[in-house]
Novice: 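My questions will all concern the structure given below.
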Amino acid sequence: MNVSRHARVRTDFRVRRRRYRTATFLLFHNEWYEIDGVTDTIWQACEDGLTVGEMVSRVAARHRIPVPEAVAAVAYALGYFLELGFVELVECSGPAA
């Protein structure tokens, strides 16, 4: 998947994030998906309307991982969310001048 770092992600309003004890889930209709801490950070970044580049920075900072690992985590999670139909990519031309 080749995505611009300026792209934004739009989440499906029907997907809900829920926490139960120490676990975090994404709920869609009657289906639920347990997600880990990094994936949860990425989901919250999607809901916050961050660009892909901003997501990478947030993941690297919050989880104290190198940027290349954060890039891989964001790419994997976004691919998973796209496959499930939970998000759509909104391409942007770049930062405003």
Novice: Is Val67 linked to Val74 within one hydrophobic cluster, defined over Ile, Leu, Val, Met, Phe, Trp and Tyr using a side-chain heavy-atom separation of less than 4.5 Å?
Specialist: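 Yes, one cluster joins them.
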Novice: In the structure I gave you, are the side-chain heavy atoms of Thr39 and Tyr80 within less than 4.5 Å of one another anywhere?
Specialist: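 When only atoms from C-beta onward are counted, Tyr80 and Thr39 do not touch, as no gap falls below 4.5 Å.
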Novice: Determine all donor-acceptor pairs shorter than 3.5 Å in which one atom belongs to a side chain in residues 18-31; sequence neighbours excluded.
Specialist:
residue, atom, partner, partner atom, Å
Arg19, NH1, Thr24, OG1, 2.5
Glu31, OE1, Tyr33, OH, 2.7

Novice: Show your working on side-chain contact (heavy atoms from CB on, under 4.5 Å) between Arg5 and Thr51 and close with a plain yes or no.
Specialist: CA-CA 6 Å; Arg5 66 186 180 100; Thr51 66; over 6 Å; no
Novice: Find the distance between NE2 (His63) and CG (Asp40) and round it off to the nearest 0.5 Å.
Specialist: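 Answer for the NE2-CG pair, His63 versus Asp40, is 7.5 Å.
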Novice: State plainly whether one hydrophobic cluster holds both Leu78 and Leu84, where clusters connect Ile, Leu, Val, Met, Phe, Trp and Tyr through side-chain heavy atoms under 4.5 angstrom apart.
Specialist: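 They do share one cluster, since a chain of ILVMFWY contacts under 4.5 Å joins Leu78 to Leu84.
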Novice: Write down the atom of Val56, the atom of Val71, and the distance for their closest heavy-atom approach.
Specialist: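 Minimum heavy-atom separation between Val56 and Val71: CG1-CG2, 3.7 Å.
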Novice: Hey, mind stepping through Arg10 and Glu47 against side-chain contact (heavy atoms from CB on, under 4.5 Å) and telling me if it holds?
Specialist: CA-CA 7 Å; Arg10 183 177 302 134; Glu47 287 185 325; over 6 Å; no
Novice: Quick one: pull up CE in Met55 and CD1 in Ile42 and give me the separation to the nearest 0.5 Å.
Specialist: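 Rounded to the nearest 0.5 Å, the CE-CD1 separation comes to 8.0 Å.
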Novice: Would you find a donor on one side and an acceptor on the other, under 3.5 Å apart, between the side chain of Glu69 and the backbone of Pro66?
Specialist: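 Checking the backbone N and O of Pro66 against the side chain of Glu69, no donor-acceptor pair under 3.5 Å is found.
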Novice: Whether the side chain of Arg8 engages the backbone of Gly49 through a donor-acceptor N/O pair (distance < 3.5 Å, no angle test) should be reported.
Specialist: yes
Novice: For residues Leu82 and Glu88, report the shortest heavy-atom separation together with the two atoms involved.
Specialist: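 Smallest interatomic distance, heavy atoms only, reads CD2-CA, 4.0 Å.
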Novice: Do Val59 and Val38 have side-chain heavy atoms sitting under 4.5 Å apart?
Specialist: yes
Novice: Could you tell me the separation between the CZ atom of Arg17 and the SG atom of Cys46, rounded to the nearest 0.5 Å?
Specialist: 12.5 Å
Novice: Quick check for you: to the nearest 0.5 Å, what is the distance between Tyr76 atom OH and Phe81 atom CZ?
Specialist: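 Here the interatomic distance stands at 10.5 Å.
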Novice: What distance separates Asp36 CG from Thr41 OG1, expressed to the nearest 0.5 Å?
Specialist: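 Asp36 CG to Thr41 OG1: 8.5 Å, rounded to 0.5 Å.
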Novice: Give a yes or no on whether the backbone of Arg14 and the side-chain of Asp12 come within a donor-acceptor separation of less than 3.5 Å.
Specialist: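 At least one qualifying donor-acceptor pair exists.
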